[in-house]
Amino acid sequence: MTTVVDIHAHVIVPGLGAEVAWEDGKQVVRFAGKEIRAAVREFVDLDRILDEQDRAGVDRVVLCPWVTLLGREPDRQNEALAGLVGERIAVLGTVDPARPETLGELLADGRLSGVEIAASVEGDYLGHERFRDFWAAAEETQALVFVHPTTRGFDLPVFDDYYLWNAVGNPMETTVTAAHMVMAGVLEAHPRLRVVLAHGGGAVLALRGRLRHAHSFQPQARARLRESPDDSLRRFYYDTVTHDETLLRALVDFAGTDRVLLGSDYPFDMGLERPADPVHALGLSSEDEAAILGGNALRLLGQGVRS
């Protein structure tokens, strides 16, 4: 029997300043003077989260912080997150990329399976020189690193219209940081990195031809990267949150079945209520389907594949 693992799910642990309540049947998150109503499923209570996972057909879930809380009281938050770990739950913590030496300490006791980091930090994307030591530490520790957009990476007025900040702005931030990492040579320099991109990598695969063409002739595009951009793009892992069967199939065809992992973006309205269904719809072989549904995640989590 295939073990279904959701690699992309969020949780809020207490004590970080976020107030979460259900009002008139809807969940409201209040933080830093703002109200967020996009989290439509349980965000805090672990038993209710697991009930939601049961209804979604998920056997195991990898919980990570709400991206807005990344870096907030990291010691307290990581300890609380580690306390959630159980038979069905693995957890990713938060880390300051400017302190890469703490990554090994964070993972030392084996409770946390890796870390989530934002696609941009203080305006810098993840191919920036300031992150080189972090990527070296991530490769050395073999930490699972989940890259997630900040939710508002671009301060453009157009994103105030038509929910574009979420439908377009969110995945575009991942697109930019993935392309930045590729062209900066991060994946080439650290080939053993285990980096998962949220939301199917955004639009980065749709732009691979432009990256490849720029790299073929433009000196700046060739300054740090020797291999083809395609080769670096295939070094990433990608979740399945694409909302489109054709795109998901193209992602699997390009990256390979061993580089695609089931995700839901729980508990948000832009997530997938039954994340395994789009994978079933692809009509893959039983072996390839099992890898995407859970085998790849279990391998990255160091827990083998259960049949």
Side-chain angles (χ1 to χ4, degrees), residues 3-10 58 60-64 67 90-93 103 107 112-119 126-127 131 134-135 138-149 171 173-182 186-206 208 227 229-242 247-266 272 275-276 278-279 282 284 287-305:
T3 300
V4 177
V5 183
D6 182 358
I7 197 75
H8 180 177
H10 300 279
V58 171
R60 303 200 62 187
V61 61
V62 181
L63 295 175
C64 63
V67 70
V91 173
L92 305 181
L103 188 56
L107 304 178
L112 298 180
S113 298
V115 293
E116 178 188 20
I117 63 171
L126 299 179
F131 302 116
F134 172 78
W135 293 123
E139 182 180 42
E140 180 180 357
T141 60
Q142 284 292 276
L144 177 61
V145 180
F146 180 48
V147 174
H148 195 284
E173 189 180 14
T174 303
T175 303
V176 172
T177 210
H180 198 234
M181 290 177 66
V182 165
V186 173
L187 284 300
E188 181 179 55
H190 303 289
R192 295 174 61 245
L193 280 174
R194 307 197 302 170
V195 179
V196 182
L197 299 177
H199 311 126
V204 72
L205 294 190
R208 65 187 183 271
E227 68 183 13
D230 283 19
D231 293 338
S232 281
L233 286 170
R234 287 190 175 97
R235 299 184 191 277
F236 284 120
Y237 293 86
Y238 301 84
D239 78 11
T240 57
V241 187
T242 64
L247 292 177
L248 182 57
R249 188 181 303 278
L251 176 63
V252 172
D253 288 344
F254 175 82
T257 54
D258 62 334
R259 292 274 168 170
V260 180
L261 294 83
L262 187 78
S264 71
D265 205 359
Y266 176 94
L272 298 166
V279 179
L282 297 180
L284 301 171
E287 181 180 352
D288 287 345
E289 182 176 279
I292 295 172
L293 290 176
N296 295 333
L298 292 172
R299 186 182 73 251
L300 290 179
L301 295 168
Q303 296 169 23
V305 179

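Every heavy atom of this structure was used, including side-chain atoms; hydrogens, water molecules and symmetry mates were not. Values in this document were obtained by computation on a predicted structure and should not be read as measured data.
Within a 6.0 Å sphere centred on CD of E140, other residues, nucleotides and ligands contribute 12 heavy atoms or fewer.
A276 approaches L293 most closely through the heavy-atom pair CB-CD2, 3.7 Å.
Judged as a ring-ring contact (aromatic ring centres under 6.0 Å, His included), and not counting sequence neighbours, the contacts of F146 are H8, H148.
A donor-acceptor pair shorter than 3.5 Å cannot be found between the side chains of D239 and H199.
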>> Would V196 and V147 count as a side-chain contact (heavy atoms from CB on, under 4.5 Å) here? Give the steps.
In response: CA-CA 6 Å; V196 182; V147 174; over 6 Å; no

> F236 and L187: side-chain contact (heavy atoms from CB on, under 4.5 Å), yes or no, with the steps?
Replying inline: CA-CA 8 Å; F236 284 120; L187 284 300; 3.4 Å; yes

>> Let's go through L126 and V186 carefully: what are the C-alpha distance in whole Å and the side-chain angles of both, what is the deciding distance for side-chain contact (heavy atoms from CB on, under 4.5 Å) to 0.1 Å, and is it a yes or a no?
In response: CA-CA 9 Å; L126 299 179; V186 173; over 6 Å; no

> Which is it for D265 and L272 under the side-chain contact (heavy atoms from CB on, under 4.5 Å) test, yes or no, and what are the steps along the way?
Replying inline: CA-CA 7 Å; D265 205 359; L272 298 166; over 6 Å; no

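Checked by atom type and distance alone, the side chain of T175 never pairs as donor or acceptor with a backbone atom of G202 at under 3.5 Å. Remark: the backbone N or O of Q142 is not paired with any side-chain donor or acceptor of R192 at under 3.5 angstrom. Between the R235 side chain and the V195 main chain, no donor and acceptor come within less than 3.5 Å of each other. Side-chain N or O atoms of E173 include none that pairs as donor or acceptor with a backbone N or O of P149 at under 3.5 Å.
With rounding to the nearest 0.5 Å, the separation of CD1 in I117 from SG in C64 is 12.0 Å. One distance of note links OG1 of T257 with CD of E289; it measures 11.5 Å at 0.5 Å rounding. In this structure, CG on L262 lies 13.5 Å from CZ on R60, to the nearest 0.5 angstrom. For the atom pair CG of L205 and CG of L233, the computed distance is 6.0 Å after rounding to the nearest 0.5 Å. Interatomic distance, NE2 of H190 versus CZ of F134, reported as 11.0 Å (0.5 Å rounding). Distance check: L261 CG to T240 OG1 gives 8.5 Å after rounding to the nearest 0.5 Å.
Inter-residue side-chain proximity for D6 and V62 is flagged as unmet; no heavy-atom pair is nearer than 4.5 Å.
Geometrically, R208 engages F254 in a cation-pi contact, judged by NZ or CZ lying under 6.0 Å from the ring centre and within 45° of the ring axis.
Using a 4.0 Å cut-off between a side-chain N of Lys or Arg and a carboxylate O of Asp or Glu, E227 and R234 do not qualify as a salt bridge.
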